[in-house]
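Following: one structure in structure tokens, then a few remarks.
Naming convention: chains lettered A, B, ... in sequence-line order (proteins, then strands); numbering from 1 in each chain. Bear in mind the structure is a predicted one, so any value in this text is a computation, not a measurement.
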2 protein chains.
Amino acid sequence: MNGRSKHLPADERRAATVEAVVDLAAEQNPSDITTTAIAQRMGLTQGALFRHFPSKDAILQAVMSWVTERLLARVDKAAEEAASPATALEAVFMTHIDFVSEHPGVPRMLFGELQRPGETLPKRMAQTLIRHYGERLRGLLEAGKARGELHVDLDPDAAATLFIGTIQGLVMQSMLAGDVARIRADAPGVFAIYLRGIGAAS
Amino acid sequence: MNGRSKHLPADERRAATVEAVVDLAAEQNPSDITTTAIAQRMGLTQGALFRHFPSKDAILQAVMSWVTERLLARVDKAAEEAASPATALEAVFMTHIDFVSEHPGVPRMLFGELQRPGETLPKRMAQTLIRHYGERLRGLLEAGKARGELHVDLDPDAAATLFIGTIQGLVMQSMLAGDVARIRADAPGVFAIYLRGIGAAS
DNA sequence: CGAAAGAAAGTAATCTATTACTATCTATCC
DNA sequence: GGATAGATAGTAATAGATTACTTTCTTTCG
């Protein structure tokens, strides 16, 4: 843990690389992030990155792993601690909002990866992440229906799509205003409408 | 209208260029669209594009003009023909869904333009488009509240954000499935939840 | 013919990735 | 415990591909 050390172990550099990419994605179009920009933010030369990653796609792959672990872990924990499906949905939402407030580049990267043509590994990881996320949502929505907390006629697939869209809309609004803080500020009002939509509000 | 003619007038080429970009945006990341790809789709050489546009940004600017005119015109017409604010909202939504079903690349381009750093002209056009769209939505939502069609406590800003997020969520879901038709198929179910959320459903 | 439209080729900049070499860390041996 | 060898991490330079844009020449069409 020497602050003066210039050579860091590989795993620490890999973690620092992922953070650099996540930070850069908050400031610019993720698909425009160059290896030079990543290295510059880390205080390294561009070529040094390829000591730790075989390719740029391998870097993006590491970022997707990072996002999957962190986001799903936090979201699952929030859901487990909730007393009922309806409160779990709210906890998941707020946890997710916290996450994208801390890392505004993440939803942009996910959206961007989905747009890539072909079948790259980072793209597949983004797809499976969102699919798993959707499955958790549908599970909570079904449970809420079974408990009578949500509307009987509720379509869980549509409700899960709208849940994700709710966050996406907040992200878009924050980009319009150029103000990340708006995500958290506007979240409660938007989610209140969603709650009423699925029948959870009195 | 000679099919054999090889030299088209400038305005027709400009229109064809815009369509080529919109089509390409449906298949790949909009920020990865190259002038070579645009020209190839039009059956031209890359350099020929610059006979009609001074720069690539000028092409994107023309695309944004095209989107603004078409989308707002269709949406305004749908709203005018509706009997009440609540039915107008539904008409606007379905019209918008029809538009993005025909041109799935458009929401991607708008989202992508918002992410660009700096202050480019295409980015500003995307911002103003979405702002104007939001103003129309807030107008309808306010009118609906005044008529008692929508919930008294409804926050029009939050409802407008969620309206846009609803569409964004459908676009994301269609990218996940790799199936554009899902946008239109899933739209009614998702919008039904939104309607209940703003208090328009009985 | 003359002007507009396009082809073909070229340019400068930028991107990922590789190479040859150097600096730093760490484990081992006497 | 200090010198040292081997492994790891980093730099600088550059290759090769791709980008937006230009230039020169040719074709098309009224």
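Contact check, B:His52 against C:dG6: a side-chain N or O comes under 4.0 Å of OP1 or OP2.
Between A:Phe93 and A:Phe191, the ring planes lie parallel to each other; the angle is under 30°, not in the 30° to 60° tilted range.
Atom CG of A:Leu8 is separated from atom P of C:dA23 by 19 Å (rounded to the nearest Å). Rounded to whole Å, atom C1' of D:dA20 lies 10 Å from atom CD1 of B:Ile59. Rounded to an integer number of Å, the gap from CZ of B:Arg13 to C1' of C:dA7 is 13 Å. The NZ-P distance, from B:Lys6 to D:dG30, rounds to 15 Å in whole Å. Rounded to whole angstrom, the span from the CG atom of B:Leu49 across to the C1' atom of C:dA5 amounts to 12 Å. Between the P atom of D:dT27 and the CG atom of B:Leu44 lies a distance of 17 Å, rounded to the nearest Å. Atom CZ in B:Phe53 sits roughly 15 Å away from atom P in D:dT22 (whole-Å rounding). Distance A:Met42 CE to D:dT11 C1': 15 Å, rounded to the nearest Å.
Of all nucleotides listed (C:dA7, C:dT24, C:dA4), C:dT24 comes nearest to the side chain of A:His7.
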Which letters describe nucleotides 14-21 of chain C, given B = protein heavy atom under 4.0 Å from base, S = only from sugar-phosphate, - = neither? -SBBB-B-
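Using a 4.0 Å cut-off between charged nitrogen and carboxylate oxygen, A:Lys145 and A:Asp153 do not count as a salt-bridge pair. Remark: A:Asp57 does not engage A:Lys123 in a salt bridge, criterion side-chain N to carboxylate O under 4.0 Å. Taking 4.0 Å as the cut-off between side-chain N and carboxylate O, A:Glu113 and A:Arg108 do not count as a salt-bridged pair. Here B:Arg74 pairs with B:Glu102 in a salt bridge; the nearest charged N to carboxylate O distance falls below 4.0 Å.
Only at 4.0 angstrom or more do the heavy atoms of residues 14-29 of chain A sit from any atom of DNA chain D, so none qualifies.
B:Asp157 is linked by a salt bridge (charged side-chain N to carboxylate O under 4.0 Å, His left out) to B:Arg138, counting only residues two or more places apart in sequence or in another chain.
Across every non-hydrogen atom of A:Ser101 and A:Val180, the tightest pair is O-CG1, 3.8 Å.
Atom-to-atom distance recorded for A:Glu149:CD and A:Leu141:CG is 11.0 Å, nearest 0.5 angstrom.
Using a 4.5 Å heavy-atom threshold, the side chains of B:Val75 and B:Phe99 count as separate.
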